[in-house]
Amino acid sequence: MPELSIIVHGPDTQGHLTELLDSLAARPLPDTEVIVAAVGDWARETAEGHASRAVVLPLPDGTGEAAARSAGAARATGRWLHFVPAGDGLPAGAPRLVAERAAKLPDAVDVLLLDHTSSTWRTSGVRSADGPLLARAGRAEPALDTAPDLLRLAPLLGNRVLRADYWRAHQDRLAAGDEAFTAFAALLHARRVACLNQVGYDRRPPRPESLPPVTAERRYAVVDRYETLLALVKDRPAVRAVLYDVMVRDLLRTFAREAMPDPVAREFFRRASLAAVRHRPAGHRRPGGLDGVRHGLLEEGAYTRYRALQAAGRTRRAAGSAARTGKRRLGTKVRDQQYRRALGRRVDPDLAVFSAYWNRGVACNPAAVAAELARRAPWIHPVWVVTKDNAPLLPPGTDHVLPGTRRYWEVLATAKYLTSNVNFPDAVVKRPDAIHLQTHHGTPLKRMGLDQTRYPTAARGMDFAKLLARVDKWDYSVSANSHSTRRWQRAYPSRYTSLDYGYPRNDVYYHAGAAEVRAVRDRLGIAPGRTAVLYAPTHRDYEAGWTPRLDLAALADRLGENTVLLVRAHYFYGTAATALTGLRRTGRIIDVSSYTPVEDLCLAADALVTDYSSIMFDYANLDRPIVIYADDWETYARTRGVYFDLPAEAPGQVARTQEDLAEVFASGAWRDEAAAKARAVFRRRFCEFDDGHAAERVVRRVFLGESDQALPPVVPPADRTPAPSPEEATA
């Protein structure tokens, strides 16, 4: 019996079925079967021609979605059913992730909820708003009555996987309406549900203009749907309250956004009003503000006043937009005048401006350059650009400016040197006698710059023309290896000079001694004799927020009492469970998400576990074990775009599941000979210029004007001595 049956159903809408079936055939899984309930000859021919390992179930033209789903489910033999409309898609690697998660669920769990993306003819892989809800649920398996907010997830069947026995036991009740009805009913009848905060489904709605006009009866059916659903939960107050809120919001949104003839709109509003009054829970309180006003007008059936409110809102928004535009223009005019006056002054040869990570503080390569500059050219005055929130965290005595202030524009206009690891604002003028130094902040595994144009998820909101205008201001671009140099030249084509000097932030890995390593571990509270494993996952463009992709409590148990996990993430809301709280008290898990600098964490760690974060390239300088946890590599590579196949060229062992990862450590493979050989190859390739003298080269070349010939040559990797390991430092 396969673990998962993927039931592809419906007609070949706009020719998308070919892509879906090809993606499934490219990565067949032994515990997954594909059933194609093909509606119409076109879908049947497509399925037979592109799904050699699928079971094709031909259905006549006109077969409805519910009937096609039911027919496919009747042929399925898997323990879990994933219904996927033929016009939608599955991200690469998603079936494996779903099957693995489903296999671990107890029999009492009837529904597994997934995150999803949406793609249209204009966009690709736009993530949903469901991520935070799924993240908050974590790995719990609650009954819906204790987690009713899960009803706020998008009502799609593709973002929920159903236990086959559950579907068969409740099929008549689940398949009694449209997709949204079935999606809601699947949760309402389930004993318990589970969540997977990873993208397992890509919804591809067709253009509304390509569909038949929506009839009045279909409009009214939206109201009928909620009437039926609310009748199912009349004795479940927590669930009823959330479902009622969902209904009112959906009905008001439908009324506001859908173009309906006035008679249809009036009747829809009347029916929605009756439903809002009839099903209002006892003691229900309307939301505050404008939403509460809308809700009140709906309950009153005040169609004319509601339309007047809409018209007033449009007028108010138009006026507000005009006022904001005028204010922005005035502010921009004042700023421009101040900046232009400052640009009329001479460039100050002893003034340097530094910024890191969008003005977060003293960090990364700019911080290492500034420190070396203070030693070699103390007459050059550094000024850091820092946001108001981060200014209190600066080292004492750091001269800084807040973005947008008068002095901010003055120093940007008159500084001889401008150094950043991202980019300065578009409004910054590149003066001929000023020098812009781009240090970057990592070795690129993921696609960058112009190379993102083929990956809409990564490039969302990016203006490539403005990006190139910013790149054209660079005088120098710092690189840690030839791989980066080549990628920067292609991703950021311009006339800058590439400085193949290494990353200044990595110098510390060759200068730190045993005392520094011991001091960092003491600050972190790592007890002597314990093995510290740094877990540092990266951000996913296709996910909302960050959640640990590992069951950290279970992993800590497998690693044993003598191992401590240092967990670094954007934020750490996924580890608030009681079990992890207890582990933190024992010192077996330490949240280092806000600890700076990250180089300290690397010095303290005996090993690194990461996925696709650029921290692996920096940590490799220490020549310590690195384990890659690539559970969603295919999805990441497809949506973000990558420059090389990490699992095939990893700096050590690669784990695809948590069980694999635990076994890597239990067996000792994390530091065996094979891992050391892979790491050596990786270090030669990606630590090519990092030898402890990068900051010196940058300062002497850029700030002191020395020639390349006068700079210290790069020490070959085989001749370098990195900082001692924690084991050596505490011996």
Side-chain angles (χ1 to χ4, degrees), residues 96-97 100-106 134-135 137-141 194-198 521 524-527 529-538 540 543 545-593 595 601-602 604-613 615-616 619 624-633 636 647 650-672 675 726:
R96 177 179 61 80
L97 294 172
E100 289 175 355
R101 178 78 168 102
K104 300 173 185 175
L105 296 175
L134 295 167
R139 301 184 71 85
E141 295 153 4
C195 297
L196 177 63
N197 185 28
Q198 293 177 244
R521 287 172 68 93
L524 292 170
I526 303 171
R530 279 193 167 182
T531 298
V533 176
L534 175 59
Y535 171 48
T538 193
R540 269 81 168 157
E543 287 187 351
W546 180 86
T547 303
R549 308 182 73 83
L550 297 168
D551 184 335
L552 297 176
L555 181 61
D557 286 340
R558 285 290 303 274
L559 296 181
E561 294 285 342
N562 288 325
T563 299
V564 58
L565 283 174
L566 309 176
V567 183
R568 184 174 182 83
H570 297 292
Y571 43 92
F572 203 48
Y573 62 81
T575 59
T578 302
L580 288 177
T581 301
L583 286 168
R584 286 202 293 270
R585 291 197 187 104
T586 65
R588 292 172 59 196
I589 287 183
I590 301 175
D591 176 8
V592 294
S593 300
Y595 185 97
L601 303 178
C602 293
D606 296 89
L608 171 69
V609 174
T610 187
D611 38 32
Y612 323 122
S613 170
I615 194 174
M616 74 178 84
Y619 190 82
R624 300 179 193 173
I626 302 173
V627 179
I628 301 300
Y629 182 55
D631 66 316
D632 63 339
W633 169 251
Y636 185 86
Q653 298 290 346
V654 178
R656 301 302 296 264
T657 67
Q658 176 150 335
E659 289 75 12
D660 292 344
L661 180 62
E663 182 59 27
V664 164
F665 281 93
S667 66
W670 61 291
R671 53 181 176 183
D672 64 10

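Just the heavy atoms: all of them, side chains too, but no hydrogens, waters or symmetry mates, feed the values below. What you see is a predicted model, and the numbers here were worked out from it, not measured in a lab.
Leu534 contributes atom CG, which lies 8.0 Å from atom CZ of Arg568 (distance to the nearest 0.5 angstrom). Between the CZ atom in Arg671 and the CZ atom in Arg624 there is a gap of 13.0 Å [rounded to 0.5 Å]. Of the inter-residue distances, the one linking Tyr535 atom OH with Leu601 atom CG reads 15.0 Å to the nearest 0.5 angstrom. For the atom pair Gln653 CD and Asp660 CG, the distance stands at 10.5 Å (nearest 0.5 Å). To the nearest 0.5 Å, the span separating OG1 on Thr657 from CZ on Arg101 amounts to 14.0 Å. Rounding to the nearest 0.5 Å places CG of Leu661 at 10.0 Å from CG of Asp631.
Taking both residues in full, the closest heavy atoms of Ala532 and Leu566 are given as CB-CD1, 4.3 Å, listed atom of the first, atom of the second, then distance. The two residues Ile590 and Leu524 come nearest to each other via the heavy atoms CD1-O, 3.3 Å. Across every non-hydrogen atom of Tyr629 and Tyr612, the tightest pair is O-OH, 4.3 Å. Residues Ala536 and Thr610 approach most closely at O-OG1, 2.6 Å, considering heavy atoms. For the pair Ala604 and Pro726, the tightest heavy-atom approach, listed with the atom from each and the gap, is O-CG, 3.5 Å. Of all non-hydrogen atoms in Trp670 and Ala675, the two that sit nearest each other are O-CB, 3.7 Å.
Residues Arg656 and Arg96 form a side-chain contact, since some pair of their non-hydrogen atoms from C-beta on lies under 4.5 Å apart. When side chains are defined from C-beta on, Phe665 counts as touching Val609, because their heavy atoms get closer than 4.5 Å. Using a 4.5 Å cut-off on side-chain heavy atoms (C-beta onward), Leu565 and Ile589 make contact.
A salt bridge is absent between Glu100 and Lys104: the closest approach of a Lys/Arg side-chain nitrogen to an acidic carboxylate oxygen does not fall below 4.0 angstrom. One finds a salt bridge joining Asp606 and Arg521 here, because a Lys/Arg side-chain nitrogen approaches an Asp/Glu carboxylate oxygen to under 4.0 Å.
Listed for the Tyr619 side chain is a donor-acceptor partner under 3.5 Å among the backbone atoms of Ala605.
Tested against Ile615, the residues Leu608, Thr538, Ile626 include a single side-chain contact (heavy atoms from CB on, under 4.5 Å) partner, Leu608.
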